[in-house]
Enquirer: 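Please see the structure below; I have some questions.
Lettering follows sequence order; numbering is per chain, from 1.
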There are 2 protein chains.
Amino acid sequence: MTVENKRPLTLRDVSEASGVSEMTVSRVLRNRGDVSEATRARVLAAAKALGYVPNKIAGALASNRVNLIAVIIPSLSNMVFPEVLTGINRVLEDTELQPVVGVTDYLPEKEERVLYEILSWRPSGVIIAGLEHSDAARAMLKAAGIPVVEIMDTDGKPVDAMVGISHRRAGREMARAIVEAGYRRIGFMGTKMPLDHRARKRFEGFTEKLAKHGIEIADRAFYSGGSALAKGREMTAQMLARSPDLDFLYYSNDMIGAGGLLYLLEKGYDIPGRIGLAGFNGVELLQGLPRQLATMDACRLEIGRKAAEIIVARLETPPREVENQVVLTPKISYGDTLKRG
Amino acid sequence: MTVENKRPLTLRDVSEASGVSEMTVSRVLRNRGDVSEATRARVLAAAKALGYVPNKIAGALASNRVNLIAVIIPSLSNMVFPEVLTGINRVLEDTELQPVVGVTDYLPEKEERVLYEILSWRPSGVIIAGLEHSDAARAMLKAAGIPVVEIMDTDGKPVDAMVGISHRRAGREMARAIVEAGYRRIGFMGTKMPLDHRARKRFEGFTEKLAKHGIEIADRAFYSGGSALAKGREMTAQMLARSPDLDFLYYSNDMIGAGGLLYLLEKGYDIPGRIGLAGFNGVELLQGLPRQLATMDACRLEIGRKAAEIIVARLETPPREVENQVVLTPKISYGDTLKRG
DNA sequence: TTGAAAGCGCTAACAC
DNA sequence: GTGTTAGCGCTTTCAA
């Protein structure tokens, strides 16, 4: 174990230590081309002894290949996105490709910045949440000349490929199920969503479908920040104080729905008889509540997986043809809080 | 808007479009050195018109500077780590530095691989969870010649800097509080933890302190996988069936603790009289439960923040001197499930 | 304030 | 099977 490793090691060091040309060392380290078993062994030994770590910066510049996949998502604290990442990882793990994550905090300007930064590393592909981007962002995505998969949402026109569910349809379906079950006085609770387009679309689909049945949302409330469980509890209490005749509460996510559920159970409400509840996302986290909240699976894992598969296929030589508009269809799970129609 | 952008744009393109030398274009784009306002404007205009995105690969190679900070964590599905990331982000956002995340799934071999991959991008610093690493990993960290901050845990010797809490002490403190409150028949539930060193250390500290009071864990159970809330519920039911005389349950994390709490409330147990409960982490998520679970804050945000601050300080020129062994001390929150001694 | 030359560490392409 | 040469797109350095 030598100590003075101030200057990082280079291929040249390995070359000198092993008495093999830099080029051949490079071949060995990348498993490229034919190298005799003997040289191969010598090189590997030298590299390991020195503790050589290749410089991908130089490699990428020379080969014009960067095995990075940019993944751009709005948030990490939402659980939804880590799950999508998990799906992406599952697929990329079997390849040379590595995901690099950028977080936008639901801010278009930040999305633009993050995209710019990450594209300046010349990744081989981009997976980005949502279909709504600034003109500049869209222009960058197009100009990058790499596969781009927009995920989560399919209500709109992608730059290139897309994988997701129709949130508008998800909203409609839930409205249908609720109406069919006989509920009529419906309240809605969700995040303030000027920038969460998917939540907005679900809400739009929901109200639209209700309207077809001649029903209008009877009450609504929006929150931001804080513990979702606590907010759900709090908002539910307030809403029922204000509109005691509601017979259904639709929550824009499962966490606030769970808060509402716990509150109503404590108060002794008859669920789903006197009042029904539903959330959205199908978060596994919540199994274990006293009652199973009605919800709709957002297909997070599957979305990540499919998106990564598209990227991988497109990057093969020659590119493998794949479906590049994948619309998944989430199923309602009625749980114990929504009567069957 | 031109269309055929197959070859990515280079500085040279901007140089030609603006009639300014590549070198000066580079200066403008980096805000380095004196450039006249006139040329500056021309260059910026040309760059924007073309949609030029700099190539950091080339820049990094030439300048030998990579403004990436490697962040290596065991998991993204734990909520704990996204929160640490948030803390890191908060600090790095005000700098040129960008975090790049690698996930190890609690596997030492994977940690080694991820570390190798990420170091081959020559980042300027590393933040890595835990103090336990393979010899090879430790060697790489040392050889990299960059600031390394090991986070979360302080029970051990860091390669370089460390920021965290003593999990052994956390376990001891909780044991003390429980004993002082008068509980005697104590059960433990947690993850299977051969590789989760922090959970293991908490457990060790816990049993050690109990032993000092002449108390031994009366029952224990371990789980892996699945919804933590459901597992907590299930394990609690099983344990109390098996050991009905337990008067306290210590859970290795808040999620399973919450599952247990919900179960016991349903069964009508007197909490914290007949039986007390405590978890670990202080997850904000759970505010909104019918009762507040006793817990201990793991200082996640603060850990991320401090770690990033150390990196930033060390990277200044000249390096700013900073405390590089930061031991935070979490406080017990008694909530509604642990009597005060 | 601007430009020209050299080279960062690696790999593609071609010789041998 | 192995080596040589010429860059990749930038920034450093130094000269003008």
Side-chain angles (χ1 to χ4, degrees), chain A residues 5-44 46-47 50 52-67 96 117 119-124 144-145 317, chain B residues 5-44 46-47 50 52-67 96 117 119-124 144-145 317:
Chain A
N5 272 342
K6 224 48 273 193
R7 172 182 64 78
L9 296 161
T10 67
L11 260 192
R12 165 169 231 119
D13 295 307
V14 182
S15 165
E16 282 169 3
S18 61
V20 175
S21 80
E22 281 188 49
M23 195 54 234
T24 301
V25 171
S26 167
R27 285 192 184 102
V28 171
L29 266 20
R30 285 176 301 144
N31 285 313
R32 278 275 190 307
D34 295 323
V35 181
S36 77
E37 212 21 80
T39 17
R40 189 184 160 64
R42 269 169 55 208
V43 168
L44 253 19
L50 293 172
Y52 172 70
V53 175
N55 185 332
K56 290 215 184 191
I57 305 265
L61 183 61
S63 67
N64 196 24
R65 260 195 301 264
V66 183
N67 54 356
E96 299 274 67
E117 286 295 323
L119 284 180
S120 71
W121 286 102
R122 301 283 188 266
S124 296
T317 41
Chain B
N5 271 342
K6 223 50 270 191
R7 173 180 65 77
L9 296 161
T10 69
L11 260 191
R12 165 170 232 116
D13 296 306
V14 182
S15 164
E16 282 168 3
S18 64
V20 176
S21 80
E22 281 187 49
M23 195 52 240
T24 301
V25 171
S26 167
R27 286 193 183 99
V28 171
L29 264 20
R30 285 176 302 143
N31 284 312
R32 278 275 189 309
D34 295 323
V35 180
S36 75
E37 212 22 79
T39 15
R40 189 184 161 64
R42 268 172 51 210
V43 169
L44 254 18
L50 293 173
Y52 173 70
V53 175
N55 184 332
K56 289 215 185 192
I57 305 264
L61 182 62
S63 67
N64 198 23
R65 262 194 299 266
V66 182
N67 56 355
E96 298 274 69
E117 286 295 323
L119 285 180
S120 71
W121 287 101
R122 300 282 188 269
S124 296
T317 42

Enquirer: CZ of B:R65 versus P of C:dG9: gap in Å, rounded?
Expert: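 One finds 14 Å between P of C:dG9 and CZ of B:R65, rounded.
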Enquirer: Sequence neighbours excluded and cut-off under 3.5 Å, please list the side-chain donor-acceptor pairs for residues 19-29 of chain B, or say none.
Expert:
{"unit_1": "B:S21", "atom_1": "OG", "unit_2": "B:M23", "atom_2": "N", "d": "3.4"}
{"unit_1": "B:S21", "atom_1": "OG", "unit_2": "B:T24", "atom_2": "N", "d": "3.2"}
{"unit_1": "B:S21", "atom_1": "OG", "unit_2": "B:T24", "atom_2": "OG1", "d": "3.2"}
{"unit_1": "B:S26", "atom_1": "OG", "unit_2": "B:R30", "atom_2": "NE", "d": "3.1"}
{"unit_1": "B:S26", "atom_1": "OG", "unit_2": "B:R30", "atom_2": "NH2", "d": "2.9"}

Enquirer: Between B:G19 and B:R122, just flag the one whose closest nucleotide in DNA chain C comes earlier from the 5' side.
Expert: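 Of the two residues, B:G19 wins.
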Enquirer: Strictly by side-chain hydrogen bond (donor to acceptor under 3.5 Å, both in side chains), give each pair with a member in residues 56-65 of chain B just once, sequence neighbours left out.
Expert: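 Passing the test, one end in residues 56-65 of chain B: A:E117-B:K56.
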Enquirer: In whole angstrom, what separates A:L61's CG from D:dT11's P?
Expert: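 Roughly 12 Å, once rounded to whole Å.
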Enquirer: Please classify the nucleic acid contact of B:R12 as base, sugar-phosphate, or nothing, using heavy-atom distances under 4.0 Å.
Expert: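 It contacts nothing in the nucleic acid.
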Enquirer: Calculate the interatomic distance between B:W121 atom CH2 and C:dC8 atom P; express it in whole Å.
Expert: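 About 20 Å, once rounded to whole Å.
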Enquirer: Please report, rounded to the nearest Å, how far the C1' atom of C:dG9 is from the CG atom of A:N64.
Expert: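 Value for this atom pair: 16 Å.
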Enquirer: To the nearest angstrom, how far is A:E22 atom CD from D:dT4 atom P?
Expert: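 For the pair A:E22 CD and D:dT4 P, the rounded distance is 10 Å.
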Enquirer: When you check the phosphate oxygens OP1 and OP2 of C:dT11, does a side-chain N or O of A:S63 lie under 4.0 Å from one of them?
Expert: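 So the side-chain polar atoms of A:S63 never come under 4.0 Å of the phosphate oxygens OP1 or OP2 of C:dT11.
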Enquirer: Verify, without hydrogens or angle tests, whether A:S18 (side chain) and A:A46 (backbone) share a donor-acceptor contact under 3.5 angstrom.
Expert: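 Checking the backbone N and O of A:A46 against the side chain of A:S18, no donor-acceptor pair under 3.5 Å is found.
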Enquirer: Got a sec? Which of residues 23-32 of chain A come in under 4.0 Å of DNA chain C, heavy atoms?
Expert: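 Residues of residues 23-32 of chain A under 4.0 Å from DNA chain C: A:M23, A:S26, A:R27, A:R30.
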Enquirer: May I ask you to say whether A:D13 pairs ionically with A:R7, meaning some side-chain N is under 4.0 Å from a carboxylate O?
Expert: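 Result for this pair is yes, salt bridge flagged.
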Enquirer: When you get a sec, tell me which of D:dT11, D:dT4, D:dT12 is the closest nucleotide to the side chain of B:A62?
Expert: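 Among D:dT11, D:dT4, D:dT12, the one nearest the side chain of B:A62 is D:dT11.
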Enquirer: Is there a residue in residues 52-60 of chain A whose heavy atoms reach under 4.0 Å of DNA chain C, and which residues are they?
Expert: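 Under 4.0 Å from DNA chain C: A:Y52, A:N55, A:A58, A:G59.
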Enquirer: Using a cut-off of strictly less than 4.0 Å between a heavy atom of the residue and any atom of DNA chain D, enumerate the qualifying residues of residues 34-44 of chain B by number.
Expert: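 Hits under 4.0 Å, by residue number: none.
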Enquirer: Among all residues two or more places apart in sequence or in another chain, which pass the side chain to side chain contact (heavy atoms under 4.5 Å, CB included) test with B:A62?
Expert: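 With sequence neighbours excluded, B:A62 shows a side chain to side chain contact (heavy atoms under 4.5 Å, CB included) to no residue whatsoever.
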